[in-house]
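Lettering follows sequence order; numbering is per chain, from 1.
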Number of protein chains: 2
Amino acid sequence: MNAKSPPIDAVRDKTTSATIVYQQLRQDILKGYLKPGQKLQIEAIGARYDAGANPVREALNRLSSERLVDRKDQRGFFVPPISLAELRELVKTRCWMESKALEESILNRTRKWEDDVVLAFHHLSRTPIRLPEEGGDNSEWEVQHRAFHNALLAGCGSSWLIGFCNEMMDHAERYRYISMVSSYPRRDSYLEHKLIMDATLDGNVEQAKEQLVAQYMLTLKLLEEQADKLRV
Amino acid sequence: MNAKSPPIDAVRDKTTSATIVYQQLRQDILKGYLKPGQKLQIEAIGARYDAGANPVREALNRLSSERLVDRKDQRGFFVPPISLAELRELVKTRCWMESKALEESILNRTRKWEDDVVLAFHHLSRTPIRLPEEGGDNSEWEVQHRAFHNALLAGCGSSWLIGFCNEMMDHAERYRYISMVSSYPRRDSYLEHKLIMDATLDGNVEQAKEQLVAQYMLTLKLLEEQADKLRV
DNA sequence: GTCATTTAAAAAATCTATGATTTTGACAAA
DNA sequence: TTTGTCAAAATCATAGATTTTTTAAATGAC
């Protein structure tokens, strides 16, 4: 007697409509489909993801606590703006915290953790980088890249630190997608990550941290140049 | 008719019902009025703060992204449980991150920042500690205590790091309130904080970090003893 | 004529109320 | 003790009502 047929025939996961909107909206912000500074109207988002105002609102409220949307009481929600100053602060903080996490991981290292790092590196090295010039979707590489860096942190012994680093990875990813940094040819992704992994497996804490920071600083430099070009 | 005369300053930020519930609920969780593990029923919370289901849900969703409530899809919201293991991880991470922040603050130190630290210490030293045995409300001391530690971090140059540290301060505060640690007579709060401040103003990075960590480890030790007593 | 202020209409956000789906807990039977 | 069914309760979602903000035009002053 239910005139309302279940809209989804797939086996009902324990996800709610709000969670689905949350995940999709999050992806669209990270990948730059929604532009920085853009207003996020409840109704428009509801139409985009086929959901009501209430689930949309819940998703937006969750994202606002992760700094992935700006919330202004009585005035709505917005995609956070970007700026070079913000990016520099972000990279600086990532260097501090991921260095610390990597250091702790190395100090506590176990066989299992080392295996995970090796495997993550292997998968990353097998994933080709798709350049924006070719209209390529590089999201698969982003996934593997992130998995590798997460493997490095995984042994640090603090879910707090891991969570914070992941929050910052989200934002760094957004900057990369928005800038569509086409400078990958100018760097050797394989070598960069191999240097980090080798120092890590050697138990050389200082070297590993140095290589990690070097990689992030290089990415920052390329993004800064990209921004300069766009400004001119 | 000219009742409209609000100064230019920012009363611009009008609060919504969801924000009010958010703030009150947050306080009640931090102060332990809502017990760890307890279920947070939408209707009950709505009655408690005189609000509808919708604002309550939005507040809960915001808090869930700060780890101040656990959210389980289709099953509701809960006050996060507490455990010694969790507390140890929290304190460990605080030591890492606040040490780093303090180090950076000292390296970048300015006259203004030093003045703020001195002032915050002065206010803290003037605020009496109200012991739970006397049924005292110690929240004023908690406010000043937090302000002092925030003053130390304020110069680190990373709003990310400051934000993360504050998120962890919230959780540490909850553990203190819940444990109602009555061990304050056994420590000299004034001296402990003075040692941190003196080393800080001297520009002695190592000493300052050491004192900061020592204070957090002592608090952890007292909380652990408290937990032991409760277990017996 | 240009600029600032006021007023009114439209749009958007927020909240309330109601109905539907899912989970939970009790109770009975094997 | 375990399993299965059913009723009660809670979450989730929709739709409509109520502020609040925004937009735009109109008025008035310089």
Side-chain angles (χ1 to χ4, degrees), chain A residues 1-25 29 34-35 37-65 68-80, chain B residues 1-25 34-35 37-65 68-81:
Chain A
M1 283 303 169
N2 50 350
K4 257 235 176 99
S5 61
I8 302 187
D9 40 10
V11 178
R12 200 55 169 280
D13 267 335
K14 292 190 179 179
T15 67
T16 67
S17 180
T19 296
I20 294 173
V21 173
Y22 165 83
Q23 291 166 340
Q24 295 183 325
L25 192 49
I29 290 172
L34 299 168
K35 300 278 181 293
Q38 176 180 342
K39 175 150 207 214
L40 296 169
Q41 297 184 101
I42 308 291
E43 201 175 347
I45 298 175
R48 178 174 182 134
Y49 304 117
D50 190 33
N54 217 327
V56 168
R57 195 154 245 293
E58 290 186 20
L60 286 168
N61 273 289
R62 279 184 221 170
L63 289 166
S64 73
S65 286
L68 280 175
V69 316
D70 284 348
R71 178 181 52 76
K72 298 181 183 175
D73 271 3
Q74 308 278 27
R75 294 189 51 190
F77 301 83
F78 304 82
V79 180
Chain B
M1 220 45 189
N2 199 356
K4 193 79 180 281
S5 178
I8 317 163
D9 59 293
V11 186
R12 182 70 176 168
D13 294 318
K14 292 199 165 183
T15 65
T16 69
S17 180
T19 295
I20 293 173
V21 173
Y22 165 82
Q23 290 166 339
Q24 294 183 325
L25 192 50
L34 298 168
K35 300 278 183 294
Q38 177 180 340
K39 177 151 207 211
L40 294 170
Q41 300 177 34
I42 306 290
E43 201 175 348
I45 298 175
R48 179 174 180 134
Y49 304 118
D50 189 33
N54 213 322
V56 169
R57 290 184 65 76
E58 290 186 19
L60 286 168
N61 273 289
R62 278 184 220 170
L63 290 166
S64 73
S65 286
L68 280 175
V69 316
D70 284 347
R71 177 180 52 76
K72 299 180 182 175
D73 271 3
Q74 306 280 23
R75 292 187 51 188
F77 300 84
F78 305 83
V79 180

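Rounded to whole angstrom, the span from the CD atom of A:Gln74 across to the P atom of D:dT18 amounts to 17 Å. Atoms CD (B:Glu58) and C1' (D:dT11) sit 16 Å apart, rounded to a whole Å. Remark: P of D:dC12 and CG of B:Asp73 are 7 Å apart, rounded to the nearest angstrom. Regarding A:Leu40, its CG atom lies at a distance of 20 Å from the P atom of C:dA11, rounded to whole Å. If you measure from atom CG of A:Asn61 to atom P of C:dA13, you get 13 Å, rounded to the nearest angstrom. The distance between atom CZ of A:Phe78 and atom P of C:dA12, rounded to the nearest whole Å, is 12 Å.
At a threshold of 4.0 Å, the pair A:Asp73-A:Arg71 counts as salt-bridged, since one of the basic side-chain nitrogens sits closer than that to a carboxylate oxygen.
Distances from the side chain of B:Gln41 to the nucleotides D:dA10, D:dT20, D:dC12 place D:dA10 closest. The side chain of B:Ala18 has C:dC15 as its nearest neighbour among D:dC12, C:dC15, D:dT11. Closest to the side chain of B:Asn54, from the set D:dA13, C:dC15, C:dT23, is C:dC15. In the set C:dC15, D:dA13, C:dA13, the nucleotide with an atom closest to the side chain of A:Ile42 is C:dA13. When each of D:dT21, D:dT11, C:dA13 is scored by its nearest atom to the side-chain atoms of A:Arg75, the top-ranked nucleotide is D:dT21. Distances were taken from every side-chain heavy atom of B:Arg57 (C-beta onward) to each of D:dT11, C:dC15, C:dT24; the shortest belongs to D:dT11. Residue B:Thr16 places its side chain closer to C:dC15 than to any other of C:dC15, C:dT22, D:dT21. Of the listed nucleotides (D:dA13, C:dT24, C:dA12), D:dA13 has the atom at the smallest distance from the side chain of A:Pro55.
The closest side-chain heavy-atom distance from B:Leu25 to B:Leu34 is below 4.5 Å. At a threshold of 4.5 Å between non-hydrogen side-chain atoms, the residues B:Ile42 and B:Arg57 count as touching. The side-chain heavy atoms of B:Pro81 and B:Asp70, taken from C-beta on, include a pair separated by under 4.5 Å.
At the heavy-atom level, B:Leu60 lies nowhere under 4.0 Å from the strands shown. Among the heavy atoms of the strands, none lies under 4.0 Å from B:Ala53.
A residue-by-residue look at A:Lys39 and B:Glu43 shows that B:Glu43 has its nearest nucleotide of DNA chain D further toward the 5' end.
In terms of modelled atom types and a separation under 3.5 Å, the side chain of B:Thr16 and the main chain of A:Gln74 share no donor-acceptor contact.
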